[in-house]
Every structure is written in structure tokens, then in C-alpha cells.
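Proteins get letters first, then strands, A, B, ... in listed order; numbering begins at 1 in each.
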There are 2 protein chains.
Amino acid sequence: MSLAPIARGAKTRAINKSKRRDHILACAGQIVIDKGYECLTLAEIAKSAGVTIPTIHNLLGKKSQIFDSLIEEMVTRLGIVLSHQPKGDPLLAMEAFLNEIIALFQTNEALYKAAFIAGEKTNQFDRTSQQGIFAKSLKLTTTICTDGQKNGYLHGHIKPAVLGQQIFGCHRLARQDWMQGHIGLQAYQTQVLLGTSILLYSDAASEFRQRLNKKIKEITK
Amino acid sequence: MSLAPIARGAKTRAINKSKRRDHILACAGQIVIDKGYECLTLAEIAKSAGVTIPTIHNLLGKKSQIFDSLIEEMVTRLGIVLSHQPKGDPLLAMEAFLNEIIALFQTNEALYKAAFIAGEKTNQFDRTSQQGIFAKSLKLTTTICTDGQKNGYLHGHIKPAVLGQQIFGCHRLARQDWMQGHIGLQAYQTQVLLGTSILLYSDAASEFRQRLNKKIKEITK
DNA sequence: AGAAAAATTTTATGTGCCATAAAATCTGTG
DNA sequence: CACAGATTTTATGGCACATAAAATTTTTCT
């Protein structure tokens, strides 16, 4: 009995496999964009990609793993946004952060929405992981509050960590509403900005407080 | 050709039908309590109720309608809580409101949780209806803020309607987290209370502000 | 009581979805 | 260009919801 034969052509095959995989994923993404999340069935993907269902299983694994893959890219892009350094007073920093997120979602609203829905269903957005977008977002809002205190914008009567978490909550709630189709990106933005302003207002030093009050009035007029 | 025959025994039948219906619903509820939401299949209900699947369809309609029925009672009870009149300063009123909700959910946590999940999936909690728990909750938090302003607890720099909505948001977000199993009822309560206190703090008059600050410190210590 | 009428339940069946084993096909390399 | 191994497909199964039509039960009326 000889040694097991060494696999030949492994590299080429791996490259091709990856290409086929990407093609199927692209089809899956397009289906979500065109027909919505609930139409993303294996049969639909198979038809669109010109393969059979078992091929999809073979290349991408279980259906939940298709979601995983779809989400992966989204998480990466979101991660980039979340690693930007905040600048200016807390309101400006929060606004910049928010605007970047909205702008990102606008590039492909349906797909991002679907990815979030899928991520929630499959518990993809590991809330406990320090690497996850959850932790990163929270860290960002908290950092802005901490800096805001250092630079005299906030009193610190309310701990920056607490304030940051509350503001992060505004983001989460608005995103939920958006994901579930109750509001659009425009309202998403407004809703978060209002909540953020009020929360900052609760701990703002006098001068900054004026600015926030003006902002709040402007939004709610 | 004579007249169509008049249905006989209609009343008795209706009563019995209702009983059978209730029995099946009770079984469905028990399944949710015992085995969780995802185990609530027609086959499971049928087995537990000692009937066949088509019988369930006959008595309760489509599966989504089973949820509707399960939710109905919950919404009624929640509606009762939501129609209680708030008393005392805004913090006390908000606390009373919150405590009633938590106490209610504690009576059968699994079932309430399942009902909320189902309600969200099937869009049961008509967000637009003035009769819905959504509108009622929002109205309650807003009323507390309005009263708080009248009685000098709040400045009114932030419109009571806006503040009420933000506080309502705290409830929604915490409930989401609870529904999705990320936090328990205890944390639910704490989270809402903290958010509420901070939001009230943002517009609180001097004396009340002290009280809120103490509360916030107490929760976040 | 017992037959007729109507409601109710069940049997049988269909559809849609995800999933996998085993057979058939294709691919890259020596 | 043949072969080894990777890849795809055919065939099949399981599970859940749903419904038509047959069988059964219940109620009422004589």
C-alpha cells in the first residue's frame, strides 16, 4: 500500500472555487436587493446563479452561512467607519459619526437592511465580542463623551460611559425602526440626532448647552 | 324551491366551539412556556391538544392567527396597566408605570416574551392605531412629562411630547433586549429607569434635578 | 327514539423549504 | 490525453404549513 496520493492542482482549484463562491454570493445579494429578504431561498439563489441547490450547500454550507458571508463585508465596511477618530465638540463628533453611517447605508439600503435583519436572526453581531460592531459603536459614543468632558463641553455629572451607552441606545432603536421598515434613512438620522442632542444636553456645560438647545429646537420645530 | 333551512343549535355549538378553541390556545401557550417559541408548531399543538392539524386550522385559522389570539389577552392586560393614572412627581410616576409592566411580565415571562416576538413578526402591534399599546404607552409617558411641567418639576425647555417619546424609546429598547434574550427582567427595569432618569434630568428644575442625580448615581454606582 | 341536517373532525394529499448521500461529470496536471 | 480527485447533479428525505374531500359526530325535529 503506497502513501495517499498528493492532491494535484490544489491552488488553481482553490482560486476557481472562490470565484464560484463569490458569484453565488453576488446573486444572493442581488436577490435581497431586488426582491427582499424573504425571497432569499436556496432555490432562488440556485436559479439565479445557474447552479443546483446542493452546489450552494457545497460551496457555502448551510443557509445561515450564506447570511454570514453576506454580512461579513458589511461588517468590515461598518468597522472602517467605526474606527474613524471623532473630532470637534461632542455634537459635531456625534453628527459626523451618524452621517457616515447613514451615508454608508445609503450606498445600498436594501442590502444593509437585509444584512442587519439576518445578523440579528442568526445572532451574528456577537454582542459580547470586543471586535464586533456592537462594542465598537459603543466605544465610539463613549469616547466622544469622555473627550467632551475633558474639553469642558460636558460636566461629567453623568458618567461618560453611561451617557455613551444611552446615545448608543438611540442608534440601536432608530436602526431597529429602520430595519423593520417603520422609518426611512432620513427619519433614522433625525431620530438619532434628536436623541443624542437631548442626552448631551442633560450633562452639557453652559455654552455648549445653548448650542444643543438650539439644535433640539431646530429638529423639533 | 323552499327557503334555505335555518341553522339549528347554533348557540350551543358556538359555545362548544369556543371551548375547544380555548383549549387549543391554552395548549399552545403552554408549549411556548415549556419549550419556547420555536417549538410552537402545528404538529406540537395538535399532539398536545389531542386533535389533528386540520382541526386547528378549522378552529383558529392560519398559524399567524394563533399568535393573534395568544397576543389578544396580553394586549388587554397591558392595556389595563397603561390606562392607570400616573401620580406624584415624574420620576415616581415613571417608576410606578415601569414597575407595573415588570410585575405583569413576571407573572408569565415566557408567554409575554413569546407574545411580543410574535406580535412583532406578524405586525400585530399596529403602531399607527390610537388604540394600540404602542400609542397608549407613548401617551402615558408624554402625559407624565406634561404634568411634570405643569407642576414645576420640568422646565419645558424640551417639549414634553419630545421627552415623552424619548422615554418611551427607553422602554422599547429595553424590551427589545429582553425579548431577544440579552437581558432579564431585572436588567430591563434598571435600564429603563436609568434612561428615564437621565432624560428627565435633562429638563428637570433645580430641586427635582437633585433627586434625579441621586437616583442616577445610585443606579450607576 | 331515531332519522335528517349541519357542523366538525379526520384522512389523504400538496406545496415549499432546507438538507444530504451517492452517482455522474468535470478539471487540472503530469 | 488519461487519471485522480474535486465538483456538480440526480434522487431522495424530512419537516412545516395548508387544504379538499371523506368520514364522523352532534343537534334538532318529528
Inset, instruction - Report yes if the distance between the aromatic ring centroids of A/Y37 and A/F67 is under 6.0 Å, otherwise no. - result: yes

Inset, instruction - For the residue pair A/I101 and A/V192, establish whether any side-chain heavy-atom pair is separated by less than 4.5 Å. - result: no

Legend entry - B/N16, nearest nucleotide to its side chain (from D/dT9, D/dT27, D/dT7): D/dT27

Legend entry - Shortest non-hydrogen contact from A/L163 toward A/L199: CD1-O, 3.4 Å

Legend entry - Salt-bridge contact A/K215-A/E95 (side-chain N to carboxylate O under 4.0 Å): yes

Inset, instruction - Would you please name every residue forming a side-chain contact (heavy atoms from CB on, under 4.5 Å) with B/T220, sequence neighbours left out? - result: A/K159, A/V162, B/L194, B/I216

Inset, instruction - Please check if the side chain of B/T107 supplies one atom and the backbone of B/A103 the other of a donor-acceptor pair under 3.5 Å. - result: no

Inset, instruction - Return yes if some donor-acceptor pair links the side-chain N/O of B/E120 with the main-chain N/O of B/I117 below 3.5 Å, else return no. - result: no

Legend entry - Phosphate-side-chain proximity, B/K17 and C/dT8, N/O vs OP1/OP2 below 4.0 Å: yes

Inset, instruction - Determine yes or no for a side-chain-to-main-chain donor-acceptor pair under 3.5 angstrom, with B/K63 supplying the side chain and B/L40 the backbone. - result: yes

Inset, instruction - Go through residues 52-72 of chain A and report each residue with a non-hydrogen atom lying under 4.0 Å from DNA chain D, sorted by number. - result: A/T52, A/P54, A/T55, A/N58, A/L59

Legend entry - Proximity to DNA chain D (any heavy atom under 4.0 Å), residues of residues 34-46 of chain B only: B/T41, B/L42

